[in-house]
Amino acid sequence: MKRHAILMDNLQVKPCHLLAQQWMLLTAGDFAAGKFNTMAVGWGSFGTIWGKPFAHVVVRPTRYTHDFMEKHNTFTLCAFPAEYRKAIQLLGSKSGRDGDKIAESKLTPIASSKVAAPGFAEAELTMECRQIYRTRLDPRDFLDKDIE
C-alpha cells in the first residue's frame with residue numbers, strides 16, 4: 001500500500017466509528033530495537049488541546065503495552081480494512097507477555113516515518129503520536145459508577 005502524509009488539518013475521519021466500530025491498534029516501543037508491543041483500542045478521542053492536535057488513549061497499567069508506553073514517549077494508532085478484524089481481535093485478546101502475538105496475527109510491523117514505534121503495512125491509516133501528557137485514572141473520580 002502506497003503511503004502518503006496527511007496534515008492533521010486535512011485529516012477527515014469519523015472518530016466514533018474509527019474507535020468504537022472499526023477498532024485500532026495502539027503500538028508502543030522501538031521498532032529499530034525490536035522491542036514493542038501492540039494492543040487493540042476501541043475507545044479514546046481525537047481533538048485539540050493546548051493548541052495541538054491530540055489522540056487520547058487509555059491503557060490500563062495491567063496491560064503489557066503499558067510498560068512500553070511508560071518507557072517510550074511515542075506510539076502509533078493504526079486503522080485497518082475490515083478483512084483484518086480477526087487479526088485485531090487476536091491482538092486485543094492475547095498478551096504479548098505470553099508469546100509473539102504479532103507474528104501469530106500475520107500483520108507486518110514497519111518503521112514509522114517520525115516516531116520510534118512501528119505501524120503496520122496492512123493499515124489504511126497510521127497516526128504517529130508523541131505523548132504530551134500522562135495521568136492515572138482514579139476510580140474515585142468516576143461520576144458514573146457503571147464505568148468502574
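Starting from 1, each residue takes its place in the sequence as its number.
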By salt bridge (Lys or Arg N to Asp or Glu O under 4.0 Å) - contacts of [X] (at least two apart):
| X | result |
| --- | --- |
| Asp67 | Arg97 |
| Lys94 | Glu104 |
| Asp100 | none |

On a heavy-atom basis, which atom in [X] and which in [Y] lie closest, and how many Å separate them?
| X | Y | value |
| --- | --- | --- |
| Ala28 | Met69 | CB-SD, 3.6 Å |
| Leu77 | Ala55 | CD1-CB, 3.6 Å |
| Gly42 | Trp23 | CA-CD1, 4.3 Å |
| Arg63 | Gly92 | NH2-O, 3.9 Å |
| Phe54 | Ser45 | CE1-OG, 3.8 Å |
| Ile102 | Pro109 | CG2-CG, 3.7 Å |

Value rounded to 0.5 Å, distance of [atom1] in [X] from [atom2] in [Y]:
| X | Y | atom1 | atom2 | result |
| --- | --- | --- | --- | --- |
| Leu25 | Thr76 | CG | OG1 | 8.0 Å |
| Thr126 | Met24 | OG1 | CE | 8.0 Å |
| Phe75 | Thr65 | CZ | OG1 | 12.0 Å |
| Trp50 | Thr48 | CH2 | OG1 | 12.5 Å |

- Task: Step by step, work out the side chain to side chain contact (heavy atoms under 4.5 Å, CB included) result for Phe46 and Leu19.
- Result: CA-CA 10 Å; Phe46 303 105; Leu19 288 161; 3.7 Å; yes
- Any chance the side chains of Thr74 and Glu128 put a donor and an acceptor closer than 3.5 Å?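 Note: Thr74 and Glu128 side chains miss the donor-acceptor criterion.
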- Counting heavy atoms not belonging to Arg85, are there more than 12 under 6.0 Å from its CZ? yes
- Task: Fit a plane to each ring of Phe68 and His72, take the angle between them on a 0 to 90° scale, and name the class: parallel (under 30°), tilted (30 to 60°) or perpendicular (over 60°).
- Result: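 Because their plane-to-plane angle is under 30°, the rings of Phe68 and His72 count as parallel.
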- Under 4.0 Å between a Lys/Arg side-chain N and an Asp/Glu carboxylate O for Lys106 and Glu122?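 Salt bridge absent between Lys106 and Glu122.
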- Met39-Leu125 co-clustered via ILVMFWY side chain contacts under 4.5 Å: yes
